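Only heavy atoms go into these numbers, but all of them, side chains included; no hydrogens, no water, no symmetry mates. Here the structure is a predicted model, which means the values were calculated and not measured. In what follows, chains carry the letters A, B, and so on, assigned in the order in which the sequence lines appear, proteins first and then strands, with residues in each chain numbered from 1.
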Amino acid sequence: MQLATWNLNSLRVRLPHLLDWLAEQSDSVVGLQELKMADEEFPFEALRDAGWQAVTNGQKTYNGVALLARRPLEDVQRDIPGFDDPQKRVIAGTVDDLRVVSVYVPNGQSVDSQKYHYKLDWLQRFAAYLAEEAERHPRLAVVGDFNVAPLPEDTHDPEAWEGHILCSGPEREALRGAMEAAGLSDAFERVPTPEQRYTWWDYRAAGFRRNLGLRIDHVLLSAPLSERVESWRVDLEPRRLERPSDHAPVAVTLA
DNA sequence: ATGGCATTATGCTAATGA
């Protein structure tokens, strides 16, 4: 089976891309981010017709996350319990014996901005939540847009990005701390380094054509799942289409 | 250092993203 994640940057605009991409995916659980759409508008019917169940935590204009699966999604949890946050960034569900979380971590705007501190606080809350989820669910997968490039080589220009938003020390430490607290490891690190590792490219300055990308979308796995990783890939085809999302889908296959 | 491009909305300018 396969675990995947895709920040769509508007489900309304990207629904045709999503349906085309889903048609090529076999047994999968897919996390989506940046739906920018309220749950009442979510295209449940189009997805059901395509063979996918969906659970959503939507929001108008900003944020919004979902989980898709070909099999029933149960025990659905929206948001981080006990954290009063109006931004819809988390949804969790269970498919068979697999617990999956779809997350859209705050962007942070710029280092030391108000949004940056919100991001760091948010990651602390998320870490505590993941630690609890990991205790409850030995087979835990956390997929999404983490808005953190973990390593210098996860950017096209490590010197230029060093210390900037998505790459600052506190952000990287917060992500690593969350992973350690929950016993999660990056599926990317379980496979030989692929030729293409970036998952996001700036719309501006022909970022995709020049491959000026970042690796900020991740599939994190608890130990029992980590051992089952067979491959990690980023699908570039949707990024080449007209009016693409600025993110490409990432998929990890498990034995 | 800035903007570059895209999406959305108490819309034609401003906020946000990464």
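Taking atom C1' on both B/dG11 and B/dA15, the two are 12 Å apart, rounded to the nearest angstrom. Here, B/dT10 and B/dT16 have their P atoms 13 Å apart, quoted to the whole Å. Atom P of B/dT13 sits at a distance of 30 Å from the matching atom of B/dA1, rounded to the whole Å. Between the P atoms of B/dT2 and B/dC12, the separation comes to 26 Å (whole Å).
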Problem - Secondary-structure string, 5' to 3', Watson-Crick or G-U under 3.5 Å, | for another-strand partners, for DNA chain B - result: ....(((((...))))).
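A distance of 11.5 Å separates CG in A/D246 from CZ in A/F208, rounded to the nearest 0.5 Å.
Within residues 152-176 of chain A, the residues approached by DNA chain B to less than 4.0 Å at the level of any non-hydrogen atom are A/L166, in residue-number order.
Backbone-only engagement by A/N7 is indicated by non-hydrogen atom pairs under 4.0 Å involving sugar-phosphate atoms exclusively. Residue contacts shown for A/D202 are absent, as no nucleic acid heavy atom lies under 4.0 Å away. At the heavy-atom level, A/Y104 lies under 4.0 Å from the strands shown only through sugar-phosphate atoms.
Counting side-chain heavy-atom gaps under 4.5 Å among Ile, Leu, Val, Met, Phe, Trp and Tyr, the cluster of A/L18 also holds A/W6, A/L8, A/L11, A/L15, A/L19, A/W21, A/L22, A/V30, A/L32, A/L35, A/M37, A/F42, A/F44, A/L47, A/W52, A/L68. In this structure, A/L123 shares a hydrophobic cluster with A/I80, A/F83, A/V90, A/V101, A/V103, A/V105, A/Y118, A/W122, A/F126, A/Y129, A/L130, A/L140, A/V142, A/F146, A/V148, A/L175, A/M179, A/L184, A/L220, the cluster being traced through Ile, Leu, Val, Met, Phe, Trp and Tyr side chains under 4.5 angstrom apart.
Listed for the A/T5 side chain is no donor-acceptor partner under 3.5 Å among the backbone atoms of A/V250.
Atom-to-atom, CG of A/D217 to C1' of B/dA18 comes out at 11 Å; the value is rounded to the nearest Å. Taking atom CG of A/L212 as the reference point, atom C1' of B/dC5 lies 14 Å away to the nearest angstrom. Rounded to an integer number of Å, the gap from CD of A/Q59 to P of B/dG17 is 11 Å. If you take CH2 of A/W200 and P of B/dA18, they are 8 Å apart, rounded to a whole angstrom. The CZ atom of A/R204 sits 7 Å away from the C1' atom of B/dC5 (whole-angstrom rounding).
You'll find the side chain of A/C167 reaches within 4.5 Å of the side chain of A/R172, heavy atoms only. No side-chain heavy atom of A/S28 sits less than 4.5 Å from a side-chain heavy atom of A/M1.
Salt bridge annotation for A/E242-A/R14: absent, with no cationic side-chain nitrogen under 4.0 angstrom from a carboxylate oxygen. The existence of a salt bridge linking A/D217 and A/R215 is excluded, since no basic side-chain nitrogen approaches an acidic carboxylate oxygen closer than 4.0 Å. The pair A/D97-A/R139 counts as a salt bridge, with a side-chain nitrogen and a carboxylate oxygen less than 4.0 angstrom apart.
Around atom CD of A/E135, no more than 12 heavy atoms belonging to other residues, nucleotides or ligands sit under 6.0 Å away.
Of the residues near DNA chain B, A/G108 and A/A206, the one whose nearest nucleotide (by heavy atom distance) lies more toward the 5' end is A/A206.
At B/dG17, none of the side-chain N or O atoms of A/H247 fall inside 4.0 Å of OP1 or OP2 (strictly under the cut-off).
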Completion exercise
Nucleotide by nucleotide, nucleotides 6-16 of chain B touches protein heavy atoms under 4.0 Å in the pattern (B base, S sugar-phosphate only, - none) SSSSS-----S
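Remark: A/N57 pairs with A/V65, A/R78, A/D79, A/K88, A/I91 by the side chain to side chain contact (heavy atoms under 4.5 Å, CB included) rule, at least two apart or across chains.
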Practice task
Please step through side-chain hydrogen bond (donor to acceptor under 3.5 Å, both in side chains) for the pair A/W161 and A/H156, ending with a clear verdict.
Solution key: CA-CA 8 Å; A/W161 279 95; A/H156 61 90; 3.1 Å; yes
